Amino acid sequence: MRRLVAILCFILPAIAVSAQNLPAGIEELLEQLQESESGSSVEELMQWYETLLLKPLDINSASRSQLEELQVLSLFQIESLLDYREEYGSLLSFSELEAVDGFSRELVAVLRPFITLEGDGTGALSRTFSQLRSRVKWKSSQEGMYRYARYLGGTGGFSYGLTLESDAQESLLPDFLSAHLQYDAGRFKLLLGDFSASYGQGLAMCKSFSMSALGSPASTLKRRNDFRGYTSSGENDALRGVALSSDIGERGRFQAFFSAASLDATVTDSTYSSLPTTGYHRTEFQKAQKNALREYSGCVNYTLETSCLQLSFTLAAYGYDKTNARRVQEYNRWQMYDGVYGNLAVSALYSAGHCRIYGESALDLKGTPAALAGLVWSPGYNFEAAVQLRYYPKEYIANHAGAYSSLSSVSNQYGVLANILARPADGLTITAMCDAAYHPHVRYRIDSPSFVTNFKARVEYAADSWSAYLQDNYTFKDYEDSHRHAMKMLASFSPSERLSLSCRGDYVLRFAGEESGGMHGYRLERGLGASFRLDWRAAEWLSLWGCGTYFDSQSSATRIYAYEKDLPQSFSVVSYGGRGVTASLLAAFGIFSGFKLTLKAAFTDFAEDGKNSVLEVRGQIDWEF
């Protein structure tokens with residue numbers, strides 16, 4: 001449960017200025033996504049949970065799929081809650097929820113800001129809220145300042161949002177603007193503006209975040225069949241247009257959307273040759289790329305849900321307003337298309353007690369198939385396991401797919417994923433995950449078929465005032481004959497409710513094959529990191545967090561990726577390369593009710609000649625009214 005509860009514990013500091021440690025699960029997720037350059041997914045995930053703070057889920061009327069989409073409860077806990085409601089009716093208090101099999105006081109305390117006990121499902125719909133956020137960042141190694149502002153509000157069935165953002169060295173006026181207006185009447189929903197959408201297991205349409213990087217067995221299964229307003233700052237990730245959904249009878253739901261989103265692109269007359277995704281518009285060349293390409297996309301989904309079966313049918317179509325002029329090479333020629341393209345997918349999810357069996361099959365416009373299937377089993381609170389198989393041919397094209405994948409695209413791989421979670425004793429949790437993928441076609445800068453295996457094992461123990469974990473993440477890549485171990489150890493101690501101390505060690509070993517003197521051998525590369533952290537709630541209106549880190553990395557492949565506490569609903573994962581030290585200090589002030597000010601300063605000093613020290617300052621204001 002600690003890994004699943006991690007997401008919620010990350011959001012909680014936004015509703016109270018208090019010292020709270022970020023559990024290891026979410027730290028691990030952030031570090032993995034930073035290493036794979038998928039940070040925008042984390043930002044959208046955090047924004048979604050923050051929205052739940054403003055419009056909580058009614059746990060007395062929530063369906064099985066809604067509880068599963070919450071991604072916090074295990075299958076065993078969900079079934080226990082549904083059985084309890086069926087036998088005893090609606091829960092009357094949070095104390096009663098603690099009595100449900102599989103729930104605990106700790107879990108209920110974490111859940112409380114995100115759930116309600118209204119009973120009829122109307123409480124969240126009728127709530128009125130307004131939230132304003134402003135954020136700035138300055139870094140000595142670059143000119144200019146990052147600026148971000150966001151407003152979220154709602155009343156009755158209406159909700160709305162506005163996001164403004166400019167990166168450092170961009171114009172004073174907002175470089176990125178995103179807005180949405182949504183009306184939700186329960187059985188009918190309409191949205192205008194920017195949004196994200198996800199259906200089935202993501203083989204046809206999944207423009208949204210994924211929880212699979214958490215590594216827990218249940219996170220391999222996607223549960224979302226919906227669209228929602230876009231509130232992140234990723235400039236090329238949103239759909240833009242109109243979306244609607246309507247219930248059909250008691251078990252069916254129809255959804256459709258049309259999007260005409262502008263994307264960054266290198267354009268010449270009526271053709272495009274590249275699609276940059278950084279969102280930077282600093283140079284004249286980058287400014288010319290801004291919103292230079294229009295993508296039109298549409299999607300229709302019908303979902304039928306019974307007490308134990310969910311069927312989802314998705315048809316997606318998309319195309320650019322300019323012709324593809326990208327240079328055709330062996331690694332990308334199977335992913336080329338022009339004009340209108342699309343996908344048809346059918347997914348199924350069968351719930352049998354504490355077991356979920358799921359699968360999805362899809363076809364693209366050429367008739368190329370793709371498929372995945374899996375099983376999640378949770379016979380009790382102390383055990384959970386999952387296995388997933390995937391088949392994505394090199395010819396399969398799905399521009400908006402987001403199914404589980406070891407690559408950035410859903411193509412050119414046959415893979416198997418297996419993971420397990422066990423709690424053999426009180427406070428002790430053991431998790432293990434293995435993902436093996438075969439890529440039958442060449443990839444970028446990889447001129448032959450390849451095989452990649454990733455294995456992660458983790459042991460963690462938590463007592464009343466202290467906790468610790470030990471983890472090893474092993475990766476084997478046959479195309480470069482490399483073996484990489486990324487080992488982490490963290491220990492935390494809380495002598496009081498106001499103070500928490502922790503120390504962390506990272507050690508990365510990489511063995512890279514090489515030929516020398518007619519003989520085959522291995523070159524050893526290493527990376528080392530050690531840090532100490534303090535989290536102190538000095539007063540009801542003041543919280544302090546500090547961190548000091550030493551790092552020594554010999555190459556880019558042995559960089560240390562370490563989470564640092566950052567501004568509310570933001571995250572900082574520092575990539576440590578070279579050798580040096582860094583120190584960070586964060587202070588959060590509760591100025592008055594609903595108004596918070598957070599400041600952070602970080603200083604990094606490198607030991608190598610030619611590398612300048614870096615100072616970074618960040619500030620944020622949050623006002624809920």
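Because only heavy atoms are used, hydrogens play no part in the values below, and waters and symmetry mates are left out as well, while side chains stay in. Keep in mind the model is a prediction, meaning the values are calculated, not measured.
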Chemist: Angle class for the Tyr337/Tyr320 ring planes (parallel below 30°, perpendicular above 60°, tilted otherwise)?
Modeler: parallel
Chemist: Could Asp435 and Arg390 be called an ion pair, given the rule that one side-chain N must be under 4.0 Å from one carboxylate O?
Modeler: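 A salt bridge links Asp435 with Arg390.
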Chemist: Would you please indicate yes or no on a ring centroid separation below 6.0 angstrom for Tyr444 and Tyr331?
Modeler: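 Ring-ring flag for Tyr331/Tyr444: true, centres closer than 6.0 Å.
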Chemist: Any side-chain heavy atom of Tyr404 sitting closer than 4.5 Å to one from Thr220?
Modeler: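 No, every pair of side-chain atoms sits at 4.5 Å or beyond.
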Chemist: If you measure from the Lys or Arg side-chain nitrogens to the Asp or Glu carboxylate oxygens, is any gap between Arg64 and Glu79 under 4.0 Å?
Modeler: yes
Chemist: So which atom in Gly252 and which in Tyr302 form the shortest heavy-atom distance, rounded to 0.1 Å?
Modeler: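 Looking at all heavy atoms of both residues, the closest pair is CA-OH, 3.7 Å.
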Chemist: More than 12 heavy atoms of other residues, nucleotides or ligands under 6.0 Å from CZ of Arg85: is that the case?
Modeler: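 Yes - once you tally the heavy atoms of other residues, nucleotides and ligands closer than 6.0 Å, there are more than 12.
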Chemist: Rounded to the nearest 0.5 Å, how far does OG of Ser246 lie from CZ of Arg253?
Modeler: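 These two atoms lie 7.5 Å from each other.
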Chemist: Would you check if Asn332 and Met336 make a side-chain contact, meaning some heavy-atom pair closer than 4.5 Å?
Modeler: yes
Chemist: Does the gap between the ring centers of Phe257 and Phe227 come in under 6.0 Å?
Modeler: no
Chemist: Below 30° counts as parallel, above 60° as perpendicular, anything between as tilted: where do the rings of Tyr151 and Tyr160 land?
Modeler: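 Taking Tyr160 first and then Tyr151, their aromatic rings lie parallel (interplane angle under 30°).
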Chemist: Between the side chains of Lys290 and Asp264, is the shortest nitrogen-to-carboxylate-oxygen separation below 4.0 Å, so that they form an ion pair?
Modeler: no
Chemist: Considering non-hydrogen atoms only, spot the tightest contact between Arg240 and Ser259 and give its length.
Modeler: N-OG, 2.9 Å
Chemist: Got a sec, which residues hit side chain to side chain contact (heavy atoms under 4.5 Å, CB included) with Ser409, two or more places apart in sequence or on another chain?
Modeler: Ser411
Chemist: Output yes when a side-chain donor or acceptor of Arg150 lies under 3.5 Å from a complementary backbone atom of Thr231, and no otherwise.
Modeler: no
Chemist: Can you tell me how far the NE2 atom of His400 sits from the SG atom of Cys299, to the nearest 0.5 Å?
Modeler: 9.5 Å
Chemist: Which residues satisfy the salt bridge (charged side-chain N to carboxylate O under 4.0 Å, His left out) test with Lys394, sequence neighbours excluded?
Modeler: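 Lys394 satisfies salt bridge (charged side-chain N to carboxylate O under 4.0 Å, His left out) with no other residue.
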Chemist: Using a 6.0 Å cut-off, check whether atom CD of Glu250 has over 12 heavy atoms from anything other than its own residue.
Modeler: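 For Glu250, atom CD is not crowded (no more than 12 foreign heavy atoms under 6.0 Å).
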Chemist: Begin with the C-alpha distance, continue with both residues' side-chain angles, and end with the deciding distance and a verdict on side chain to side chain donor-acceptor pair (under 3.5 Å) for Ser178 and Asp194.
Modeler: CA-CA 6 Å; Ser178 174; Asp194 291 355; 2.6 Å; yes
Chemist: Which heavy atom in Tyr391 sits nearest to a heavy atom in Pro369, and how many Å separate them?
Modeler: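 Closest pair (atom of Tyr391, atom of Pro369, distance): CE2-O, 4.0 Å.
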Chemist: Report the relative orientation of the aromatic rings in His441 and Trp334; use parallel for angles under 30°, tilted for 30 to 60°, perpendicular for over 60°.
Modeler: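 If you compare the ring of His441 with that of Trp334, the planes turn out perpendicular.
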Chemist: Return the minimal non-hydrogen interatomic distance between Tyr438 and Ser450, and the atom names on each side.
Modeler: CD1-O, 3.4 Å
Chemist: Measuring from Leu177:CG to Glu165:CD, what's the distance to the nearest 0.5 Å?
Modeler: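 The CG atom of Leu177 sits 11.0 Å away from the CD atom of Glu165.
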Chemist: For the pair Asn225 and Gln310, evaluate side chain to side chain donor-acceptor pair (under 3.5 Å) and give the outcome as yes or no after the intermediate values.
Modeler: CA-CA 10 Å; Asn225 280 284; Gln310 182 187 86; 3.2 Å; yes
Chemist: How far does CZ of Phe455 sit from SG of Cys434, to the nearest 0.5 angstrom?
Modeler: 6.5 Å
Chemist: Does this structure show an ion pair linking Lys189 with Asp226, if we count only N-O contacts that are shorter than 4.0 Å?
Modeler: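 The answer is yes: the pair qualifies as a salt bridge.
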Chemist: More than 12 heavy atoms of other residues, nucleotides or ligands under 6.0 Å from OH of Tyr84: is that the case?
Modeler: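 Result for OH/Tyr84: enclosed.
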Chemist: Salt bridge or not for Arg294 and Asp321, using N-O below 4.0 Å?
Modeler: no
Chemist: Taking only residues two or more places apart in sequence or in another chain, which ones pass salt bridge (charged side-chain N to carboxylate O under 4.0 Å, His left out) with Arg443?
Modeler: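 So Arg443 forms no salt bridge (charged side-chain N to carboxylate O under 4.0 Å, His left out) with any residue.
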Chemist: With a 3.5 Å distance limit and no angle check, can you tell me whether Tyr318 reaches the backbone of Asn399 through a side-chain donor-acceptor pair?
Modeler: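 A pair under 3.5 Å: yes.
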Chemist: Does the ring center of His180 lie less than 6.0 Å from the ring center of Tyr230?
Modeler: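 Ring centroids of His180 and Tyr230 are no less than 6.0 Å from each other.
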